[in-house]
Amino acid sequence: MYEAVTRGIRIRVTPQYLEEQSSPDEGQFYWAYTIDIANEGEETVQLRSRVWLITDGLGQTEEVRGPGVVGETPVIQPGGSFSYTSGCPLRTPSGIMVGSYQMTDEKGELFDVAVPAFSLDSPFVVRSLN
């Protein structure tokens, strides 16, 4: 599990390789990732948009931007949480994702919440120690 806290918003990420959806011989590797967003602050917040940087094992990075997450723009009360699961395809057996959510507070002010970098590793990754 990977975790980061920004302005009282705790983000936890749990990635999982999806062997049944992947085709390593065809260069297709798929992961699911579950994200738990917990509001440990004192204000109600709303998630407005997301930005992802997805880097494959060859160092090629793709940026993905969009409104909300999985079609929702959740409002999260103090002490509340929101969880969702999404997915990511890669052409390499490993990669990394990092991102942020743009949220609004009760005054309507925008702020960014960091999503920690997390590893996408399949059983086909060749590991080396330096």
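All residue numbers refer to positions in the sequence shown, counting from 1.
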Next on the checklist: So which atom in Tyr2 and which in Ser119 form the shortest heavy-atom distance, rounded to 0.1 Å?
Outcome noted: OH-CB, 3.3 Å

Next on the checklist: Classify the ring geometry of Phe118 against Trp52: parallel below 30°, tilted from 30° to 60°, perpendicular beyond 60°.
Outcome noted: perpendicular

Next on the checklist: Would you compute the distance between atom CZ of Phe82 and atom CG of Asn39 and round it to the nearest 0.5 angstrom?
Outcome noted: 13.5 Å

Item to check | Shortest non-hydrogen contact from Pro78 toward Gly41 | outcome: CB-O, 3.4 Å

Checklist entry - Under 4.5 Å between side-chain heavy atoms, hopping through other hydrophobics if needed: is there a path connecting Val70 to Tyr33? => result yes

Checklist entry - Is it true that a side-chain atom of Arg50 and a backbone atom of Pro67 form a donor plus acceptor pair closer than 3.5 Å? => result yes

Checklist entry - Given the rule that I, L, V, M, F, W and Y join up when any side-chain heavy atoms are under 4.5 Å apart, are Val69 and Ile35 in one cluster? => result yes

Item to check | Inter-residue atom distance Leu90.CG - Leu58.CG, 0.5 Å rounding | outcome: 10.0 Å

Checklist entry - So do the side chains of Leu47 and Thr73 get within less than 4.5 Å of each other, counting heavy atoms only? => result no

Checklist outcome for this item: Closest heavy-atom pair, Thr85 versus Ala32, reported as atoms and distance to 0.1 Å, is CG2-CB, 4.2 Å

Next on the checklist: Is there a path of hydrophobic side-chain contacts, each under 4.5 Å between heavy atoms of I/L/V/M/F/W/Y residues, joining Ile96 to Phe29?
Outcome noted: no

Checklist entry - Does Val64 belong to the same Ile/Leu/Val/Met/Phe/Trp/Tyr cluster as Tyr84, with side-chain heavy atoms less than 4.5 Å apart forming each link? => result yes

Checklist entry - In the single-linkage hydrophobic clustering (I, L, V, M, F, W, Y; side-chain heavy atoms under 4.5 Å), do Val98 and Val5 co-cluster? => result no

Checklist entry - Nearest 0.5 Å, what's the CD-CD distance between Glu43 and Glu109? => result 8.0 Å

Next on the checklist: Could you report the tightest heavy-atom contact between Asp105 and Lys107, atom names first, then the distance?
Outcome noted: OD1-N, 2.9 Å

Item to check | Side-chain H-bond candidate by donor/acceptor type, Ser83 with Asp36, under 3.5 Å | outcome: yes

Checklist entry - Any donor and acceptor pair, going by atom type alone, linking the side chain of Glu106 with main-chain N or O of Thr44 inside 3.5 Å? => result yes

Checklist entry - Atom CH2 in Trp31, atom CD in Glu19: separation rounded to 0.5 Å? => result 12.0 Å

Item to check | Side-chain donor/acceptor of Asp112 to backbone N/O of Ser100, under 3.5 Å | outcome: no

Checklist entry - Which pair of heavy atoms, one from Ile11 and one from Ala114, lies closest together, and at what distance? => result CG1-O, 3.5 Å

Item to check | Closest heavy-atom pair and its distance - Pro15, Leu120 | outcome: CB-CD2, 4.2 Å

Checklist entry - How long is the gap from CZ on Arg7 to CZ on Phe111, to the nearest 0.5 Å? => result 4.5 Å

Checklist entry - Is it true that a side-chain atom of Thr92 and a backbone atom of Asp56 form a donor plus acceptor pair closer than 3.5 Å? => result no

Item to check | Distance in Å, Ile76 CD1 paired with Ile37 CD1, rounded so as to fall on 0.5 Å steps | outcome: 5.0 Å

Item to check | CD (Glu42) with more than 12 external heavy atoms under 6.0 Å | outcome: no

Checklist entry - Any donor-acceptor pair under 3.5 Å linking the side chain of Glu63 with the backbone of Val51? => result no

